[in-house]
Enquirer: 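Just dropping this structure here.
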Amino acid sequence: MSERDERHRKAMQTLKSRVDEKVAAADERRGQLLVFTGNGKGKTTAAWGTVTRALGYGYRVGVVQFIKGLWECGERERLEEDANLDVAIMATGFTWETQNRESDTQACHEVWAEAERMLADPGVYLVVLDEITYMLKFGYLDIATLKRALEHRPAEQTVIVTGRNAHRELQAMADTITEMKEVRHAFGAGLEARRGIDY
């Protein structure tokens, strides 16, 4: 074995030892709160990937889409016939299209009622609150209402929250926070959103 190969073997032994220690220390089992935030692309896509994973194991999943719900969504199109998937969509779609605070607030509260139902159901393994951060930012939903529902959800239920500028109190509650950072986005260079890639 070469000196380089021996160094690599020792480094991998050290790495394995650290990973094994962390695996052994992770002995708490419960649902989690995951926040996918940041200004980069991929927050909703990552959430749908986890939805696919949970459905693959036969778990019941609820998805509530705020903001982009009326847009085409390839993941939703592919998965919506799965009997274990329940999707609720905010009726107004993009709030910057409606420009009507009253109707947007009402639409938010209507779909939030569906979210509350899912968050109270012990049979729902995973709930995705897609783009809910905007509901907090625009004042359509208050943080206390969201926190109360998250705190009282079934212990085994995992929740994924997506959207830019996640509220600091939401981040304080989270088990995992992933920040998507935009380095470059094709849209900024004038490229249209591409079906099957961007939506």
Enquirer: Atom CD of Glu131 and atom CZ of Phe66: how far apart are they, to the nearest 0.5 Å?
Expert: 10.5 Å

Enquirer: Taking all non-hydrogen atoms of both residues into account, name the closest pair between Gln65 and Cys73 and its distance.
Expert: NE2-SG, 4.2 Å

Enquirer: Find the distance between CD (Glu80) and CZ (Arg78) and round it off to the nearest 0.5 Å.
Expert: 11.0 Å

Enquirer: Determine the minimum heavy-atom distance between Tyr59 and Asn84, stating which atoms define it.
Expert: O-CB, 3.4 Å

Enquirer: Taking Glu114 first and then Arg117, would you say they form a salt bridge - that is, a charged N and a carboxylate O separated by under 4.0 Å?
Expert: yes

Enquirer: Can you name the side chain to side chain donor-acceptor pair (under 3.5 Å) partners of Asn39, sequence neighbours left out?
Expert: none

Enquirer: State, to 0.1 Å, how close Cys108 and Met135 come at their nearest heavy-atom pair, and which atoms those are.
Expert: SG-SD, 3.6 Å

Enquirer: Could you list the donor-acceptor pairs under 3.5 angstrom formed between side-chain atoms of residues 46-56 and any protein atom two or more places apart in sequence or on another chain?
Expert:
residue	atom	partner	partner atom	Å
Thr50	OG1	Ala46	O	3.2
Thr52	OG1	Trp48	O	2.9

Enquirer: Residues in side chain to side chain donor-acceptor pair (under 3.5 Å) with Thr145, at least two apart?
Expert: Asp142

Enquirer: Is it the case that atom CD in Glu6 sees more than 12 heavy atoms from other parts of the structure closer than 6.0 Å?
Expert: yes

Enquirer: Hey, are the side chains of Asp20 and Lys16 touching, using non-hydrogen atoms and a 4.5 Å cut-off?
Expert: yes

Enquirer: Give a yes or no on whether Leu33 and Ile177 share a hydrophobic cluster (residues Ile, Leu, Val, Met, Phe, Trp, Tyr; joining criterion: side-chain heavy atoms under 4.5 Å apart).
Expert: yes

Enquirer: To the nearest 0.5 angstrom, please state how far the CD1 atom of Ile143 sits from the CG atom of Leu136.
Expert: 5.0 Å

Enquirer: With a 4.5 Å limit on heavy-atom distance, are the side chains of Thr133 and Asn165 in contact?
Expert: no

Enquirer: Starting from Met173, can I reach Leu141 by hopping between I/L/V/M/F/W/Y residues whose side chains sit under 4.5 Å apart?
Expert: yes

Enquirer: Please identify each residue that fulfils side chain to side chain contact (heavy atoms under 4.5 Å, CB included) with Ser2, with sequence neighbours left out.
Expert: Arg4, Asp5

Enquirer: Would you find more than 12 non-hydrogen atoms of other residues, nucleotides or ligands less than 6.0 Å from Glu192 atom CD?
Expert: no

Enquirer: Hydrogens and angles aside, do Gln106 and Glu102 bring a side-chain donor and acceptor to less than 3.5 Å of each other?
Expert: no

Enquirer: Consider only side-chain heavy atoms of I, L, V, M, F, W and Y, link residues closer than 4.5 Å, and tell whether Tyr134 and Leu150 are in one cluster.
Expert: yes

Enquirer: Only one of Val111, Val64, Val35 clears side chain to side chain contact (heavy atoms under 4.5 Å, CB included) with Leu129; which?
Expert: Val64

Enquirer: Report the residues that fulfil side chain to side chain donor-acceptor pair (under 3.5 Å) with Lys10, sequence neighbours left out, ordered by chain and then residue number.
Expert: none

Enquirer: Mind checking the CG-NE2 spacing from Leu15 to His8? Nearest 0.5 Å is all I need.
Expert: 9.5 Å

Enquirer: Any non-hydrogen side-chain atom of Thr45 less than 4.5 Å from a side-chain atom of Glu75?
Expert: yes

Enquirer: Indicate the atoms forming the closest heavy-atom contact of Arg30 with Asp175, along with that distance.
Expert: NH2-OD1, 2.7 Å

Enquirer: How would you list all residue pairs meeting side chain to side chain donor-acceptor pair (under 3.5 Å) that involve residues 146-162, not counting sequence neighbours?
Expert: Asp130-Thr162, Lys147-Glu169

Enquirer: Would you call Arg101 and Tyr140 a side-chain contact if the rule is heavy atoms closer than 4.5 Å?
Expert: yes

Enquirer: Output, in order, the C-alpha distance, side-chain angles, deciding distance and verdict of salt bridge (charged side-chain N to carboxylate O under 4.0 Å, His left out) for Lys181 and Glu179.
Expert: CA-CA 6 Å; Lys181 179 182 175 186; Glu179 184 175 356; over 6 Å; no

Enquirer: For His185, look at atom NE2 and say whether over 12 heavy atoms of other residues, nucleotides or ligands are found less than 6.0 Å away.
Expert: yes

Enquirer: With heavy-atom distances below 4.5 Å as the criterion, would you say the side chains of Arg76 and Val63 are in contact?
Expert: no

Enquirer: Nearest 0.5 angstrom please: Gln171 CD to Arg168 CZ, how far?
Expert: 10.5 Å

Enquirer: Which heavy atom in Pro154 sits nearest to a heavy atom in Pro122, and how many Å separate them?
Expert: CG-CA, 3.5 Å

Enquirer: Checking side chain to side chain contact (heavy atoms under 4.5 Å, CB included) for the pair Leu126/Ile160: CA distance, chi angles, key distance, verdict?
Expert: CA-CA 8 Å; Leu126 170 65; Ile160 299 175; 3.9 Å; yes

Enquirer: Kindly compute the distance separating CD1 (Ile132) from CH2 (Trp112), expressed to the nearest 0.5 Å.
Expert: 5.0 Å

Enquirer: Give a yes or no on whether the backbone of Lys137 and the side-chain of His167 come within a donor-acceptor separation of less than 3.5 Å.
Expert: no

Enquirer: Looking at every non-hydrogen atom in both residues, tell me the closest pair between Asp104 and Met90 and how far apart they are.
Expert: O-CE, 3.5 Å

